[in-house]
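Everything below concerns the one structure shown next.
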Amino acid sequence: MGARTATLPLPERITSVLMHQVRRVSWIYAPALPDLAFAVRTAFAAIISLLIAMWMELDSPQWAPLTVWVVAQSSRGESLSKARWRIFGTLVGSVAAITLMAAFPQAPGLFFACLSLWIGLCCALATLLDQYRAYGLVLTGFTSAIIATGAIAQPDDVFAISVARSSYIILGVLCEAVLAVLFMPRMVERARQQLLDRLADTFRATCATITRHPGASADPEQQAVTGTLLKRIVTFSGQIEFSALELGPRNHVGDHARRALAGMLVMLAQARALQILHPRMTAPPHGDDARPEQVLAAWVRDNAPRPATDTVDSPEWQPVTTALLSEATRVRNEITACTTAPRGDRFRFSLTSRRHMREAINNGLRAAAAIMGACLAWEITAWHHGPAFISFVALIYGLMATRENPLVATTPFLKGGLWCAATAAVLTLWVIPAITAPEILLMVLLVPMTVGGLAARRPQLAGYAFSFNMFLPVLIGPINQGRFDEVSFLNNTMAFLASIIFVLLTYRLVVPFRMDVHVRRTEAWVSLRLRHLARMGTRMDATAWLASCATSLVRILFQANALPAPILGACVARQITSMTVGVYVIRLRELVRDGRLSPRAERIVTLFLARWDRGQATAMIPYILTWTKHEQARATTPPARAQMAEVLACLHIITAGLHENPDIMA
């Protein structure tokens with residue numbers, strides 16, 4: 001293609017380049033209907049909140065549209081969740097700001113030190129939470145900073161400023177909610193159908209991954225497919241609470257959906273075990289339109305060992321196939337329960353992800369150091385817009401604190417901020433001074449806000465749109481009593497851009513986030529937890545183990561560009577192997593705990609689990625395998641032989657996992 005383009009005449013080459021550039025911005029002039037609806041709805045909600053705030057003659061009306069853009073999400077459930085936690089964080093942050101101002105009225109050094117520690121604590125604790133609960137906690141921190149710095153010049157007015165900021169937040173949330181209700185009719189029916197469709201597609205993809213990629217080892221292609229599916233399942237699991245919010249109170253749809261997704265993780269681990277025990281399984285023919293669990297059952301039946309050739313293998317892998325098909329049926333039943341809830345349904349199911357304590361401590365130290373550094377910069381320079389600079393630093397740190405890799409997320413945020421500053425300069429210095437009516441202001445702001453809303457719906461532009469949409473009203477600063485002059489605008493814009501650069505530098509210099517260190521720490525955590533699974537007192541089951549490991553692996557996969565391909569591939573292989581081995585260590589523990597083994601077998605398996613907990617089981621596995629085969633041959637009843645076959649299958653899977661990746665027990 002490049003050679004053909006080079007041989008075109010100059011006019012045609014210019015035309016080709018121009019057409020390519022035009023197609024790159026097709027999301028503006030030819031957007032998808034859902035994207036356009038989201039952009040127009042949110043732009044109208046933001047502008048209406050601004051006009052209402054100006055009509056109420058509030059002193060800083062620009063904070064209302066900022067709230068609209070922060071709260072607005074692609075689904076109604078996300079918006080409801082974020083709005084709820086935003087209101088909670090705002091109210092708690094207001095109380096914290098009043099408390100700090102009252103505690104240190106004449107001690108600026110202690111005031112800024114305590115403010116820094118408070119924001120650092122909020123950012124640290126937010127790292128340990130999930131979804132918008134984390135956002136609500138960081139919002140508590142930066143809201144207290146915004147209110148406190150806004151009241152520095154007039155400490156006696158801190159309560160009035162706190163009430164005003166809370167009013168802006170609630171106004172923005174209400175405007176976004178009203179417009180969303182008007183633009184989203186039949187929300188409950190659509191939310192349920194979207195949830196069911198997504199569950200069915202994920203279940204189909206899980207069964208397809210199991211049946212289409214059989215083999216003796218997890219090759220790079222299979223690792224990539226499995227990693228993609230894990231990202232899909234983990235991301236979906238985190239978003240189920242939003243669908244449950246859309247469906248209304250007093251329903252257990254979210255619990256059934258989470259259990260279905262957890263079952264899919266169990267199926268992937270069982271399928272990996274099946275590959276180890278029976279590597280000669282073949283993929284089914286394509287184009288089968290049957291239900292996923294039926295395709296899976298047919299695949300197992302077609303690959304069943306023939307008595308004349310595979311009688312040795314049959315007893316070992318039979319328990320795994322039985323468990324796999326049983327789990328597939330359980331997943332189908334949970335999906336059905338999401339459609340029609342059983343009568344008197346009280347089912348509860350929840351999963352907790354790994355708590356990254358080291359990352360939380362680093363995040364808190366980094367945030368506290370940044371706020372203290374911003375306060376020192378204001379103290380040294382005596383800049384008139386120093387409080388605004390501190391507020392922007394606190395706000396941006398709060399927005400970035402819960403990101404997977406804050407340093408990576410801050411770069412597009414800076415680029416979007418530059419676009420925001422340029423657009424705000426045109427509007428503030430040339431357009432808004434000529435506006436004399438609110439209706440004209442609405443028409444002028446509708447265009448850039450709609451474009452920003454369209455950009456927010458494109459993954460490659462979402463980071464740019466994040467800062468553009470939020471801070472455009474703040475940089476314009478519309479008020480009833482006057483207009484920004486050039487000096488005020490330049491100072492405000494300089495404080496905004498300088499705060500982003502300052503945050504970017506602190507992320508690079510103060511306890512910087514390193515992906516390779518995070519990978520090593522995650523693998524050490526997985527190895528330690530893998531050993532502790534053998535303890536009889538632990539209550540972690542297979543679903544909880546797989547969910548915690550999958551969450552950690554997905555976090556690494558989301559930052560795959562930061563790691564070389566060989567390191568990433570080795571990491572994925574070790575994690576998948578650890579997940580599979582852990583499931584069957586748990587299975588051995590359950591066999592002992594439930595009393596399903598004979599006394600002799602129970603003593604041997606208990607000894608193995610005790611050695612496994614101490615990291616000393618590798619050397620004794622061959623002897624236990626030999627003993628188990630001997631006991632299976634001596635068994636006189638079918639139940640006894642089935643029990644020993646299951647123990648033998650677990651031991652073979654664990655042995656194969658240790659052979660593939662000896663470092664998982666390091």
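Just so you know, these numbers come straight off a predicted model, no measurement behind them.
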Minimal heavy-atom distance between R611 and M620, with the atoms involved, is CG-SD, 3.3 Å

With heavy-atom distances below 4.5 Å as the criterion, would you say the side chains of L399 and F413 are in contact?
yes

Give, for atom CG of L651 and atom CG of L588, the distance between the pair rounded to the nearest 0.5 Å.
5.5 Å

T538 side-chain N/O to R535 backbone N/O, donor-acceptor pair under 3.5 Å
no

Ring center gap for Y507 and Y397 short of 6.0 angstrom:
yes

Can you find a pair of side-chain heavy atoms, one from I653 and one from V320, that are under 4.5 Å apart?
yes

Can you tell me how far CH2 of W525 sits from CG of L530, rounded to the nearest 0.5 angstrom?
10.5 Å

Is the number of heavy atoms from other residues, nucleotides or ligands under 6.0 Å of H532 NE2 greater than 12?
yes

One thing to verify: whether R587 and E646 come together as a salt bridge, which I'm taking to mean a side-chain N less than 4.0 angstrom from a carboxylate O.
yes

Does any part of the side chain of I233, heavy atoms only, come nearer than 4.5 Å to the side chain of T206, both counted from C-beta?
yes

Is there a donor in the side chain of N363 and an acceptor in the side chain of R366, or the other way round, less than 3.5 Å apart?
yes

Taking the side chain as C-beta and beyond, is there a heavy-atom pair between E602 and P599 under 4.5 Å?
no

Would you say the side chain of F608 lies within less than 4.5 Å of the side chain of I621, judging by non-hydrogen atoms?
yes

Please report the shortest heavy-atom distance between A273 and T580, naming the atom on each side.
N-CG2, 4.0 Å

Less than 4.0 angstrom from a charged side-chain N to a carboxylate O is my criterion; do R332 and E293 meet it?
yes

Tested for side-chain contact (heavy atoms from CB on, under 4.5 Å) against T339, the lone hit among V253, L199, L196, L195 is L196

Might you point out which heavy atoms bring A134 and A126 nearest each other, and give the distance in Å?
CB-O, 3.2 Å

Hey, does M579 have a side-chain heavy atom less than 4.5 Å from the side chain of V526?
no

Of all heavy-atom pairs linking Q575 and C549, the shortest is NE2-O, 4.1 Å

Residue pair M267 / C207: nearest heavy atoms and the distance that separates them
CE-SG, 4.0 Å

Does A547 offer a backbone N or O that forms a donor-acceptor pair with the side chain of T551 under 3.5 Å?
yes

Distance (rounded to the nearest 0.5 Å) between T606 OG1 and L597 CG
8.0 Å

Cationic N near anionic O, under 4.0 Å, R198 to D201
no

What's the spacing between R521 CZ and S552 OG if we round to 0.5 Å?
12.0 Å

Taking the side chain as C-beta and beyond, is there a heavy-atom pair between V585 and I654 under 4.5 Å?
yes

Determine whether L365 and I361 satisfy the following criterion, side chain to side chain contact (heavy atoms under 4.5 Å, CB included), listing intermediate values before the conclusion.
CA-CA 6 Å; L365 291 175; I361 295 173; 4.0 Å; yes

Any donor and acceptor pair, going by atom type alone, linking the side chain of N333 with main-chain N or O of T329 inside 3.5 Å?
yes

After noting the C-alpha distance and the side-chain angles of R531 and R614, does the key distance pass the side chain to side chain contact (heavy atoms under 4.5 Å, CB included) rule?
CA-CA 7 Å; R531 285 168 45 188; R614 294 195 295 267; 5.6 Å; no

Over all atoms of both residues, closest heavy-atom pair of G364 and A124:
CA-CB, 3.9 Å

Any donor-acceptor N or O pair under 3.5 Å, side chains R272, Q275:
yes

L129/L137 under side chain to side chain contact (heavy atoms under 4.5 Å, CB included): CA gap, chis, key distance, verdict
CA-CA 9 Å; L129 300 178; L137 195 53; 4.0 Å; yes

May I have the step-by-step check of side chain to side chain contact (heavy atoms under 4.5 Å, CB included) for T202 and F236, ending in yes or no?
CA-CA 9 Å; T202 307; F236 186 14; 3.8 Å; yes

CZ/R529 to CG/L533 distance, rounded to the nearest 0.5 angstrom?
7.5 Å

Between atom OG1 of T543 and atom CD of E327, what is the distance when rounded to the nearest 0.5 Å?
8.5 Å

Within a reach of under 6.0 Å around CZ of R593, are more than 12 heavy atoms found that belong to other residues, nucleotides or ligands?
yes

Would you say the side chain of L658 lies within less than 4.5 Å of the side chain of V581, judging by non-hydrogen atoms?
no

